[in-house]
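Source: prediction; values computed, not measured.
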Amino acid sequence: MLKEAGSTPVPRPEYPRPDFVRKEWLSLNGAWEFGFDDEDAGEDEQWFLADHPAALNRTIQVPFAFQSRLSGIEDPSFHDVVWYRRSFEVPEHWSGQRIILHFGAVDYEAKVWVNGQLVAVHTGGHTPFQADITPSLVEGSNVIMLRAEDFSRDVTLPRGKQYWLEQSEAIFYTRTTGIWQSVWLEPLSAVHLKKVRMTPDIDRNEIRLRTLVSGFKAEDPLVLRVTVTYSGEVVAEDQYTVKSAEQHRTIGLGDFTDHGLGRLWSPEHPNLYDIRFRLFREEHLLDEAAGYFGMRKVSIKDGRLCLNNRPYYQRLVLDQGYFPDGILTAPSDEALRHDIELTKEMGFNGVRKHQKTEDPRFLYWCDKLGLAVWSEAANAYDYSEVYVRRFTQEWLEIIERDYNHPSIITWVPLNESWGVPNVQIDTRQQQHGLAMYHLTRSLDEMRPVVYNDGWEHMTTDLVTIHDYESRQEVLETRYASAQSTVSAMPANRSLFVGGASYQGQPILISEFGGIAFKKSEWEGWGYSGAENEEDFLAKLKAVVGPMFTSPVIQGYCYTQLTDVEQEINGLLTYDRTPKAPLEAIRSIMMNKK
């Protein structure tokens, strides 16, 4: 059985949850035993027992899925049931604490055993889960077993761009099965801070906190101390008695005025406050966690989309978040940061993260470097009651995980009627879209929600349109007025369904461009084509220019950041090589003369 990875390089060693950091933790990334279970015999044969000689005859590098090159396996064929095994020892100085096992994401259903005891069951391929494994631990070496089950051919599965056929084609890519985000251990007191939700209010210059304490008992004399700093300087401190498991608290900052936007967060000025939470029982420190927040506000006033109470034109790029060697998993933290730096260098102030809930490390770098994010779920393709249950639960978990990130400025539960293909005429599917809109608004009052990105909207905060027209004169005519814009059907789809109509919401072209330009060995396709770099830049200018000359368009999202597998319509190749000078692309994307 595998021990610690030893001299084997451990991929993705950075702390996986950067918005809520604890000092003590142990990465379990690296080499695990691994095996396919194509006959689905593992549970019946009790492979999860610690001493069972399960047929895990391969080694995989976690957190890379077996389909990827970086996993060490690189097998793109269907294997819907897979098993992992890893031994570990709990550090001696963690003695007396609760030991929590964390999984960043496992696609799609997961069961976890520790020393033969079931400790966790989770459904949903893009969201985290954890388990208190303390009762299952033994002295010395412990064994984790994980069974992951995917449903490769199920089109009601929230799967995003993962194809239901073995070979990628068109807009669909290689699947991801099993562990694809970090795994780690963390010691905690029996009484600890489980979660903090932070809501900025720039109009009052306050940060609102909702804290949840696990293990709370009414007779326990608990005190929570909160310290807010900016660039190392203390700007606010608070201390209060914990009187219930969930409490609300508001802290006034009072450290800046609005002249020049002060310390507000924006892509241009990604100002962040650090915040530290310390939970005490009398004077004994039980728990400590560190996070950060950004003071920013997204609003719609008189039909104008605003950031920090000022109209804000969004220049977004469609970002699929795929990597040649890791598929959905970036090869390193530096790779995530590099994508954001390239995006900003090309003149964009945001990304629409397309059909993927991204690793929290990506959101951390967007927060820190300054890049707005439209957070979009991975959708299914067909509708069913099972789909509704699956999707709703996962979307709830996405919002809970990512609520605190200031870079996220828009929620997008549905895209192009995926999962609701008959939404134009099917009232059930229309109601599902409305349910997702209102559910999201009930959980987050500070971000706009898009009903169904691209077309076939009902109640929506933003009207978004997908349009791959390449002729400049057609785009200029189409978006010359609000009336011509909302009456156009660029994909032969109605912009509204179910009796809904345009109510003056901000209009954004949230997919367009997609110009294919072959600048590598990759063969592929795009929505229109360019012959050389000069032609590419000219065609880029032809489709981007009308976004700025239109009197009604308040932002755009260009397709796309990089080539992906058989798609060659990126501004960068799949290995992140620019197809034209970055400054030339930047000039076009920012409408510089």
A.B. asks: Suppose we call two aromatic rings close when their centres sit under 6.0 Å apart. Are Tyr15 and Trp25 close by that rule?
C.D. replies: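 Yes: the rings meet the under 6.0 Å criterion.
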A.B. asks: Which heavy atom of Thr464 sits nearest a heavy atom of Asn452, and at what distance?
C.D. replies: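 Closest heavy-atom pair between Thr464 and Asn452: OG1-O, 4.3 Å.
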A.B. asks: Could you note down all residue pairs passing ring pair (Phe, Tyr, Trp, His ring centres under 6.0 Å) where residues 319-363 supplies at least one of them, sequence neighbours left out?
C.D. replies: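 The answer is Tyr173-Tyr322.
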A.B. asks: Out of curiosity, Thr440 OG1 to Leu396 CG, how far, rounded to the nearest 0.5 Å?
C.D. replies: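 If I round to the nearest 0.5 Å, the distance is 8.0 Å.
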A.B. asks: So does Lys368 get a backbone contact from the side chain of Trp265, meaning a donor-acceptor N/O pair under 3.5 Å?
C.D. replies: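 No: the side chain of Trp265 does not pair with the backbone of Lys368.
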A.B. asks: Quick check: Tyr451 with Tyr437 (ring centres under 6.0 Å apart)?
C.D. replies: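 So the answer is no for these two rings.
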A.B. asks: Grab the two heavy atoms, one from Asn309 and one from Lys297, that are nearest each other, plus how far apart they are.
C.D. replies: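 Closest heavy-atom pair between Asn309 and Lys297: OD1-NZ, 2.9 Å.
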A.B. asks: Does Glu445 pair with Arg441 as a salt bridge, N-O distance under 4.0 Å?
C.D. replies: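 Salt bridge absent between Glu445 and Arg441.
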A.B. asks: Hey, does Phe293 have a side-chain heavy atom less than 4.5 Å from the side chain of Leu272?
C.D. replies: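 Side-chain contact under 4.5 Å: no.
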A.B. asks: Is the distance from the ring center of Tyr558 to that of Phe512 below 6.0 Å?
C.D. replies: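 Yes: the rings meet the under 6.0 Å criterion.
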A.B. asks: Under the 3.5 angstrom rule, does the side chain of Ser484 hit a backbone N or O of Ser481 as a donor-acceptor pair?
C.D. replies: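 Between the backbone of Ser481 and the side chain of Ser484 there is a qualifying donor-acceptor contact (under 3.5 Å).
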A.B. asks: Of all heavy-atom pairs between His457 and Leu462, which one has the smallest distance, and what is that distance?
C.D. replies: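 Heavy-atom minimum between the residues: CE1-O, 4.0 Å.
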A.B. asks: Taking atom OG of Ser299 and atom CD1 of Ile202, what is their separation to the nearest 0.5 Å?
C.D. replies: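 It comes to 7.5 Å.
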A.B. asks: Give me each pair satisfying salt bridge (charged side-chain N to carboxylate O under 4.0 Å, His left out) with a member in residues 484-496, each pair once, sequence neighbours excluded.
C.D. replies: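 Applying salt bridge (charged side-chain N to carboxylate O under 4.0 Å, His left out) to every pair that reaches into residues 484-496, excluding sequence neighbours, yields Glu456-Arg493.
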A.B. asks: Please name all residues satisfying ring-ring contact (aromatic ring centres under 6.0 Å, His included) with Trp455, sequence neighbours left out, ordered by chain then number.
C.D. replies: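 With sequence neighbours excluded, Trp455 shows a ring-ring contact (aromatic ring centres under 6.0 Å, His included) to His466, given in chain and number order.
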A.B. asks: Can you name the salt bridge (Lys or Arg N to Asp or Glu O under 4.0 Å) partners of Arg401, sequence neighbours left out?
C.D. replies: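 Applying salt bridge (Lys or Arg N to Asp or Glu O under 4.0 Å) to Arg401 gives none.
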A.B. asks: Sequence neighbours left out, what pairs pass ring pair (Phe, Tyr, Trp, His ring centres under 6.0 Å) with at least one residue falling in residues 296-319?
C.D. replies: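 Every ring pair (Phe, Tyr, Trp, His ring centres under 6.0 Å) pair that includes a residue of residues 296-319, provided the two are not neighbours, is Tyr313-Phe548.
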A.B. asks: So, does Arg471 use its side chain to make a donor-acceptor pair with the main chain of Val474 at under 3.5 Å?
C.D. replies: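 Between the backbone of Val474 and the side chain of Arg471 there is no qualifying donor-acceptor contact (under 3.5 Å).
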A.B. asks: Verify, without hydrogens or angle tests, whether Glu376 (side chain) and Arg352 (backbone) share a donor-acceptor contact under 3.5 angstrom.
C.D. replies: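 Checked: no pair found.
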A.B. asks: With distance as the sole test, does Ser470 use its side chain to make a donor-acceptor pair with the main-chain N or O of Ser528 at under 3.5 Å?
C.D. replies: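 Pair absent, no side-chain N/O of Ser470 close to backbone of Ser528.
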A.B. asks: Does the side chain of Thr357 come within less than 4.5 Å of Asp402's, by heavy atoms?
C.D. replies: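 In contact.
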A.B. asks: What pair of heavy atoms forms the shortest contact from Leu475 to Ala542, and how long is it?
C.D. replies: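 For Leu475 versus Ala542, the nearest heavy atoms are CD1-O, 4.4 Å.
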A.B. asks: Closest approach of Asp150 and Gln162, non-hydrogen atoms and distance?
C.D. replies: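 Looking at all heavy atoms of both residues, the closest pair is OD2-OE1, 4.5 Å.
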A.B. asks: Quick check on the 6.0 Å ring-centre criterion: do Trp411 and Trp395 meet it?
C.D. replies: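 Centroid distance Trp411-Trp395: below 6.0 Å, so yes.
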A.B. asks: Would you confirm whether Arg175, through its side chain, and Leu165, through its main-chain N or O, come within 3.5 Å as a donor-acceptor pair?
C.D. replies: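 Indeed, once roles are kept as given, a pair shorter than 3.5 Å links the two residues.
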A.B. asks: For the residue pair Arg361 and Pro18, establish whether any side-chain heavy-atom pair is separated by less than 4.5 Å.
C.D. replies: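 Contact flag for Arg361/Pro18 side chains = yes.
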A.B. asks: Would you check if the side chain of Arg296 reaches a backbone N or O of Pro406 as a donor-acceptor pair within less than 3.5 Å?
C.D. replies: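 Judged by distance alone, yes, a pair lies under 3.5 Å.
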A.B. asks: Applying side chain to side chain donor-acceptor pair (under 3.5 Å), name anything that partners Asn591, two or more places apart in sequence or on another chain.
C.D. replies: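 Not a single residue meets the side chain to side chain donor-acceptor pair (under 3.5 Å) criterion with Asn591.
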A.B. asks: Between CG of Leu328 and OG1 of Thr174, what distance do you get to the nearest 0.5 Å?
C.D. replies: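 It comes to 9.5 Å.
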A.B. asks: Can we say Lys519 and Asp563 salt-bridge, meaning some charged N sits less than 4.0 Å from an Asp/Glu carboxylate O?
C.D. replies: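 Salt bridge absent between Lys519 and Asp563.
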A.B. asks: Considering residues at least two apart in sequence or located in another chain, which fulfil the side-chain contact (heavy atoms from CB on, under 4.5 Å) criterion with Pro158?
C.D. replies: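 Listed in chain order: Tyr108, Arg390, Phe391, Glu394.
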A.B. asks: Taking the six-membered ring for Trp, is the centroid-to-centroid distance between Tyr381 and Phe172 below 6.0 Å?
C.D. replies: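 Yes, the ring centres sit under 6.0 Å apart.
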A.B. asks: Determine the minimum heavy-atom distance between Ser510 and Cys557, stating which atoms define it.
C.D. replies: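 Here Ser510 and Cys557 meet closest at O-CB, 3.2 Å.
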A.B. asks: Taking the side chain as everything from C-beta on, heavy atoms only, tell me whether Ile179 gets closer than 4.5 Å to Val106.
C.D. replies: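 Of all side-chain heavy-atom pairs linking Val106 with Ile179, at least one is under 4.5 Å.
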A.B. asks: Under the salt bridge (charged side-chain N to carboxylate O under 4.0 Å, His left out) definition, can you give me all pairs with a residue in residues 539-556, not counting sequence neighbours?
C.D. replies: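 Sorted result for residues 539-556: Asp535-Lys539.
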A.B. asks: Any chance you could lay out the salt bridge (Lys or Arg N to Asp or Glu O under 4.0 Å) test for Asp461 and Arg447, step after step, and finish with the verdict?
C.D. replies: CA-CA 9 Å; Asp461 296 325; Arg447 295 177 174 100; over 6 Å; no
A.B. asks: Can you sort out the partners of Ala372 under side-chain contact (heavy atoms from CB on, under 4.5 Å), two or more places apart, ordered by chain and number?
C.D. replies: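 Ala372 satisfies side-chain contact (heavy atoms from CB on, under 4.5 Å) with Pro267, Ile409 once adjacent residues are dropped.
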A.B. asks: Give a yes or no answer on whether the side chain of Ser550 reaches the backbone of Pro546 with a donor-acceptor pair at less than 3.5 Å.
C.D. replies: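 Judged by distance alone, no pair lies under 3.5 Å.
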A.B. asks: Drop me the distance from Leu318's CG to Leu561's CG, to the nearest 0.5 angstrom.
C.D. replies: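 So the gap between those two atoms works out to 9.0 Å.
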A.B. asks: So, using salt bridge (Lys or Arg N to Asp or Glu O under 4.0 Å) as the criterion, who are the partners of Glu400 when residues are at least two apart?
C.D. replies: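 Salt bridge (Lys or Arg N to Asp or Glu O under 4.0 Å) check on Glu400 returns Lys195.
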A.B. asks: Does Met590 reach the side chain of Arg315, with side-chain heavy atoms less than 4.5 Å apart?
C.D. replies: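 In short, these two side chains touch, coming nearer than 4.5 Å.
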A.B. asks: Does Thr199 have any side-chain contact (heavy atoms from CB on, under 4.5 Å) partners at least two apart in sequence or in another chain, and if so, which?
C.D. replies: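 Once residues adjacent in sequence are excluded, the partners of Thr199 under the side-chain contact (heavy atoms from CB on, under 4.5 Å) criterion are Arg197, Arg208, Tyr403, Met446.
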A.B. asks: Hey, do the aromatic rings of Tyr292 and Tyr273 have their centres closer than 6.0 Å?
C.D. replies: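 Ring-ring flag for Tyr292/Tyr273: false, centres at least 6.0 Å apart.
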A.B. asks: Hey, could you give me each pair passing salt bridge (charged side-chain N to carboxylate O under 4.0 Å, His left out) that has a residue in residues 403-416? Not counting sequence neighbours.
C.D. replies: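 Checked against salt bridge (charged side-chain N to carboxylate O under 4.0 Å, His left out) - neighbours excluded - no pair reaches residues 403-416.
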A.B. asks: Looking at side-chain heavy atoms only, is the closest gap between Val235 and Arg263 below 4.5 Å?
C.D. replies: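 They are in side-chain contact.
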A.B. asks: Under the 3.5 angstrom rule, does the side chain of Thr477 hit a backbone N or O of Glu473 as a donor-acceptor pair?
C.D. replies: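 Such a contact is found between Thr477 side chain and Glu473 backbone.
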A.B. asks: Please check this pair: side chain of Gln505 against backbone of Thr460, looking for a donor-acceptor N/O pair closer than 3.5 Å.
C.D. replies: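 Such a contact is found between Gln505 side chain and Thr460 backbone.
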A.B. asks: To the nearest 0.5 Å, tell me how far Gln320 CD sits from Glu565 CD.
C.D. replies: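 Reported value, rounded in 0.5 Å steps: 10.0 Å.
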A.B. asks: Indicate yes or no: at least one non-hydrogen side-chain atom of Tyr556 is less than 4.5 angstrom from one of Leu316.
C.D. replies: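 With C-beta onward as the side chain, the pair stays apart.
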